[in-house]
Amino acid sequence: TMSTKPTQDYEEAYKRLVKGLTQLDIRTSAVPSELALFGDAFPLAINSKGQVLMAASKYGLGRIVVLSHESYMSAFPALVENAVNWLKGDKSVNFAVAVHQNLKAVAENLSNRKFTVKVVGGFRSDLGVGVYVTDAYSLGEDPKTLVAFLKSGGGVLIGGQAWYWSSQNPGVEPLLNFGGNKVSGVAGIYFTVKYGEVETLSITQEVPYSWKSLKYRPARDFNDDLKFLLKGVPEFGLVEGIFSEILAHGSLAFPIATTEDGRPFLAGAYYGLGRILVIAHEEGFSRKKLSTFWSNAIRWLDQGRNGVVGVERRNAVPNLSKSGFTCENTSFRKDLSVYMGVAYSDSYAKEMQDFVAEGGGLVIGGQAWYWSYSGGNVMTEFPGNKILNKMGLSLLATTIPNGIYKVPESSQAIMDNYHFRHMLYQCASYILEDHELSQHKMQSLKKLGHDCAKYLQIKAYDCSSYTQTMLALYDLLLKAGMPQVSESSPVKSPKDHFLLSVGSEMYKVFPDPDGLLPHLIKDIPSLPGCKSQPLVLVLLVSEEAEWISTGLYLSPGMKTTLTLPDAIVNKGWKIQIGCQTDYLQHQELKRAPSVHLRVPVTSETMQVRNLWGGLIYLLAPPQTRVTGVEMLVQQAVLAPYYKSGVTTACEWSQLRVAPSPWAELEFDNIILTVPSNVVRDLEQAEALAKLWNNIMKSVAELASIPLKFPRKERIVSDVQISAGWMHAGYPIMGHIPTASIMVSIKKATTGDFWGPLHELGHNQQRFCWEFKPHTTEATCNLWSVHVHEEVLGVCRAKAHPDLTLEKRNARIKKYVANGRSLSDWNVWTALETYLQLQEKFGWDAFKKVFASYYEKRNFPQDNKGKMNLYAETFSRTVGMNLTGFCKSWGWPIEEETEEALSHLPPWTDHPMAPY
């Protein structure tokens with residue numbers, strides 16, 4: 001059921017086209033051609049094998065209906081009458097129909113049905129008619145006049161098949177050369193050379209659908225294209241620039257070059273009468289090693305016209321001119337034969353699509369990963385995808401590792417490796433009809449799940465092929481169900497990975513989520529909701545994007561309406577459901593890869609729901625200055641939410657038993673998000689607040705930043721996280737057991753707090769005094785040691801087992817014995833350098849050093865330069881020449897640094913002197 005979906009234009013059109021029909025018996029001697037569809041085309045009749053035999057589409061202002069054999073036009077007069085009535089569009093009742101003289105029986109039927117009919121010898125632009133009816137073989141010398149008629153608002157009805165023509169024209173590409181395709185192709189309908197199976201076709205109430213239509217029966221196998229494109233090209237070297245991955249999802253799209261595991265970075269497609277290529281980084285245009293490929297590619301795209309090639313990037317013109325074609329640096333123009341543009345503007349999206357549909361060649365170069373950092377939907381908002389999606393190709397945020405990639409041996413090799421539609425059909429056969437999958441294909445299911453999730457984000461509800469794919473995935477979920485993933489029931493198999501990815505994304509895009517929910521989550525706990533909570537959320541200044549807690553929770557699939565002030569509508573604010581924002585890519589999953597939802601605030605009333613439920617947040621954009629945001633939440637579940645300085649002890653005694661499974665404790669400079677069961681018995685929230693306020697004060701003091709953080713830190717617990725036991729970021733993420741540690745005053749003094757403090761230290765690290773990769777896991781521990789000693793009263797030797805004097809001395813000896821190589825100077829060994837400095841000069845020296853960095857400008861970018869600057873800064877801060885000490889640790893101290901510090905007394909009795 002898709003009961004809640006707004007009716008699309010093509011669904012209305014379908015109902016008009018099949019009005020009064022229940023079945024069409026095509027079991028005659030006529031053998032039809034299977035039709036291939038893409039873009040705006042939609043099926044009118046599909047046989048039991050999933051082959052489309054009748055279809056319709058729009059192009060420009062006009063409409064077209066295609067039947068897969070010319071005899072159907074006389075055999076089904078009621079269908080033809082419906083077709084002509086739809087094809088005429090909004091034209092007045094006085095319009096005329098021109099019928100080609102080969103179809104006199106059709107002309108007669110239409111005359112009998114009170115249409116004004118002209119029988120003509122061929123199409124001319126001066127016929128003065130609203131609809132033209134023809135077979136697929138009689139389109140004359142110049143089908144472009146008929147395409148122009150269609151584009152300007154005319155209606156076209158074509159019947160025919162291409163298999164006989166193909167047998168008479170061996171070696172000629174039917175896709176672009178068969179007469180009917182020269183017109184219907186622009187609108188996304190191709191006659192193919194494949195025979196259609198004949199039977200009595202049922203006419204359904206809704207647009208016909210069959211998961212078998214997913215079968216990758218392309219109108220060609222692309223072998224010839226790959227041979228042409230890859231002639232003289234043994235490999236592709238991705239050595240500079242980070243390429244994006246491409247999703248080739250269209251029925252006429254094909255990968256050209258991929259990684260070993262089938263991820264394309266170069267792909268092509270047929271679209272209408274033209275061709276398109278996508279390379280996932282624009283630097284590829286000017287790469288000299290690719291000049292042979294570009295010579296082949298431009299010839300392939302030009303289709304023998306020997307026209308002008310327009311190139312958007314000036315620096316690419318010399319390389320592309322090696323093709324022998326005239327290459328001009330220009331923005332997009334319709335008079336070009338081939339245009340080579342970049343993916344960062346969609347100014348000419350519609351014009352480019354029409355340019356290709358009518359025969360032009362297009363190349364789009366660019367990557368989408370950098371744009372994805374903006375947080376938008378790459379599939380729908382990235383400019384390049386606004387051009388490409390409709391043509392069956394999309395650029396993804398995922399990246400391709402640099403390396404040398406061999407070219408495929410054949411299109412079959414690509415299919416066998418991984419092809420989106422081919423794999424999707426195989427998966428449907430496996431789940432719906434219990435067909436076997438090879439081990440290689442089985443392993444591909446996990447990737448297919450990720451690709452389906454990305455494809456679904458296109459949300460092209462007005463495109464029939466998108467709906468057909470979505471319905472196929474719905475069928476799979478109904479048959480197989482979504483695995484009930486949990487810590488005790490992790491997802492391991494490729495099939496379950498696939499179903500989990502697809503189920504999670506389908507819930508976001510499916511028009512009837514309520515109908516889908518029971519197939520996705522079996523047991524949703526029934527939690528009492530509270531209604532109409534007016535919340536005033538105070539946020540004075542946020543330098544960085546910030547989550548604002550509401551103290552409210554939504555159960556899985558629970559729907560609520562938020563009322564928001566006009567001041568934050570379309571200003572970059574978002575609503576977030578769920579606190580666990582890590583994206584998981586593990587082989588074994590204890591939860592779905594992504595369980596949160598973010599929605600831009602685009603109106604004063606927003607309806608939200610999330611499959612996995614979660615705490616409700618408002619996300620403030622960077623540089624926000626707001627004194628109070630009043631928000632009304634219609635229905636939600638109350639969460640245990642403590643805010644120091646606001647929540648009273650009496651209020652907390654009631655709130656800590658609130659029904660939400662997730663709780664938040666908001667202190668002066670940090671917010672802890674933990675499972676509610678760890679706070680149910682927390683009576684003394686004020687004492688815990690005092691402890692955390694002192695910890696965060698200590699963190700700020702060592703970092704020499706204001707005691708009030710510009711944005712409160714967050715630590716969130718989760719059943720599984722993207723990396724490690726805990727990891728830094730906003731929020732800091734930690735496994736569930738860390739939650740009970742963070743809310744225990746007792747555990748703070750027993751050395752269990754190292755993990756959270758280590759991650760808080762990571763968040764204080766600065767590029768200017770960090771020497772990656774050596775100090776990445778070292779300097780963050782300065783905060784762990786500082787807080788343990790200054791706030792928790794735990795000495796360093798007891799704060800962590802690796803900091804006993806015995807282990808410290810053993811590490812120094814080993815480092816020296818191995819030649820003091822910086823490649824060994826990391827983690828605890830690197831930390832030792834800083835601990836020795838601290839033990840001589842105290843914590844104040846570090847505070848002053850860090851503070852002085854805020855006043856510096858133009859930092860060195862390399863480790864050597866940064867290490868010399870640090871040695872000089874620390875030396876001047878403590879009034880002692882530390883270059884000897886730094887050199888004893890193997891630091892690359894330069895002569896000019898030593899000279900600059902020569903006036904200061906040297907530190908001669910440092911701990912490394914005996915070595």
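Counting from 1, the numbers follow the sequence of the chain as shown.
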- request: Walk me through it: do Val878 and Lys840 pass the test side chain to side chain contact (heavy atoms under 4.5 Å, CB included)?
  value: CA-CA 10 Å; Val878 298; Lys840 167 74 175 173; over 6 Å; no
Which atom pair, heavy atoms only, marks the closest approach of [X] to [Y]?
{"X": "Ala639", "Y": "Ala658", "answer": "C-CB, 3.6 Å"}
{"X": "His727", "Y": "Ser722", "answer": "NE2-OG, 3.3 Å"}
{"X": "Ala778", "Y": "Ala830", "answer": "CB-CB, 3.7 Å"}
{"X": "Lys712", "Y": "Glu546", "answer": "N-OE2, 4.3 Å"}
{"X": "Ser704", "Y": "Tyr854", "answer": "O-CE1, 3.4 Å"}
{"X": "Asn868", "Y": "Glu894", "answer": "OD1-N, 2.8 Å"}

query: Going from NZ on Lys690 to CG on Asn694, what distance comes out if it is rounded to the nearest 0.5 angstrom?
result: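 If we round to the nearest 0.5 Å, Lys690:NZ and Asn694:CG are 7.0 Å apart.
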Exceeds 12 heavy-atom contacts within 6.0 angstrom, atom [atom1] of [X]:
{"X": "Glu839", "atom1": "CD", "result": "yes"}
{"X": "Lys571", "atom1": "NZ", "result": "yes"}
{"X": "Phe859", "atom1": "CZ", "result": "yes"}

Side chains of [X] and [Y]: does their closest heavy-atom pair fall under 4.5 Å?
{"X": "Thr550", "Y": "Tyr641", "result": "no"}
{"X": "Leu882", "Y": "Phe841", "result": "yes"}
{"X": "His281", "Y": "Ile400", "result": "no"}
{"X": "Thr380", "Y": "Asn385", "result": "no"}
{"X": "His786", "Y": "Ser698", "result": "yes"}
{"X": "Glu713", "Y": "Val699", "result": "no"}
{"X": "Thr779", "Y": "Trp769", "result": "yes"}
{"X": "Ser660", "Y": "Leu527", "result": "no"}

Counting only N and O atoms by type, is there a donor-acceptor contact under 3.5 Å from the side chain of [X] to the main-chain atoms of [Y]?
{"X": "Ser676", "Y": "Pro661", "value": "yes"}
{"X": "Lys866", "Y": "Glu770", "value": "yes"}
{"X": "Gln580", "Y": "Ser717", "value": "yes"}
{"X": "Glu505", "Y": "Gln457", "value": "no"}
{"X": "His586", "Y": "Ile721", "value": "yes"}
{"X": "Ser555", "Y": "Met558", "value": "no"}
{"X": "Asn763", "Y": "Gly729", "value": "yes"}
{"X": "Asp582", "Y": "Leu584", "value": "no"}
{"X": "Ser244", "Y": "Leu396", "value": "yes"}
{"X": "Asn693", "Y": "Phe667", "value": "no"}

query: Can Asn826 and Thr775 be said to form a side chain to side chain contact (heavy atoms under 4.5 Å, CB included), step by step?
result: CA-CA 6 Å; Asn826 49 44; Thr775 55; over 6 Å; no
task: Measure the acute angle between the ring planes of Phe846 and Phe850, then classify it against the limits of 30° and 60° as parallel, tilted or perpendicular.
output: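 Answer is tilted, since the angle falls between 30° and 60°.
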task: Please state whether the rings of His774 and Trp825 are parallel, tilted or perpendicular, taking 30° and 60° as the class boundaries.
output: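 Tilted.
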- request: From the options Val601, Leu619, Thr560, select the one residue that forms a side chain to side chain contact (heavy atoms under 4.5 Å, CB included) with Ile575.
  value: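 It is Val601, the one option of Val601, Leu619, Thr560 that forms the side chain to side chain contact (heavy atoms under 4.5 Å, CB included) with Ile575.
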query: With respect to Thr605, which candidate in Thr561, Leu632, Leu564 satisfies the side chain to side chain contact (heavy atoms under 4.5 Å, CB included) definition?
result: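 Among Thr561, Leu632, Leu564, the one that satisfies the side chain to side chain contact (heavy atoms under 4.5 Å, CB included) with Thr605 is Thr561.
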Are [X] and [Y] close enough that a side-chain donor and a side-chain acceptor fall under 3.5 Å?
{"X": "Thr897", "Y": "Glu872", "answer": "no"}
{"X": "Arg591", "Y": "Ser504", "answer": "no"}
{"X": "Tyr344", "Y": "Glu282", "answer": "yes"}
{"X": "Asn781", "Y": "His800", "answer": "no"}

Assess the pair [X] and [Y]: is the distance between their ring centroids shorter than 6.0 Å?
{"X": "Trp907", "Y": "Phe874", "answer": "no"}
{"X": "Phe753", "Y": "Trp692", "answer": "yes"}
{"X": "Tyr553", "Y": "Trp662", "answer": "no"}

- prompt: What residues, two or more places apart in sequence or in another chain, satisfy side chain to side chain contact (heavy atoms under 4.5 Å, CB included) together with Glu604?
  reply: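 Glu604 satisfies side chain to side chain contact (heavy atoms under 4.5 Å, CB included) with Asp566, Val569 only.
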message: Test: salt bridge (Lys or Arg N to Asp or Glu O under 4.0 Å). Region: residues 844-858. Which pairs qualify, not counting sequence neighbours?
response: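 Passing the test, one end in residues 844-858: Asp844-Lys847.
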task: Could you please spell out the steps behind the side chain to side chain contact (heavy atoms under 4.5 Å, CB included) verdict for Met742 and Leu665?
output: CA-CA 10 Å; Met742 293 188 299; Leu665 304 169; over 6 Å; no
task: Start with the C-alpha distance between Leu638 and Leu655, add both sets of side-chain angles, then the distance that settles side chain to side chain contact (heavy atoms under 4.5 Å, CB included), and finish with yes or no.
output: CA-CA 8 Å; Leu638 206 58; Leu655 272 173; 4.0 Å; yes
- prompt: Restricting to pairs with a member in residues 606-618, which pass side-chain hydrogen bond (donor to acceptor under 3.5 Å, both in side chains), not counting sequence neighbours?
  reply: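 side-chain hydrogen bond (donor to acceptor under 3.5 Å, both in side chains) check on residues 606-618 returns Tyr507-Arg609, Asp514-Arg609, Tyr617-Glu664.
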query: With a distance cut-off below 6.0 Å to the six-membered ring centre and an angular limit of 45° from the axis, does Arg711 pair with Tyr730 as a cation-pi contact?
result: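 Yes, a cation-pi geometry.
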- request: Could you tell me whether Lys772 sits above the aromatic face of Phe767, with NZ or CZ closer than 6.0 angstrom to the six-membered ring centre and within 45 degrees of the axis?
  value: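 That pair does not qualify as a cation-pi contact.
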- prompt: Is a salt bridge present between Lys697 and Glu701, judged by a nitrogen-to-oxygen distance below 4.0 Å?
  reply: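 Yes, this pair counts.
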- prompt: After noting the C-alpha distance and the side-chain angles of Ser549 and Arg714, does the key distance pass the side-chain hydrogen bond (donor to acceptor under 3.5 Å, both in side chains) rule?
  reply: CA-CA 11 Å; Ser549 301; Arg714 281 182 175 272; 2.8 Å; yes
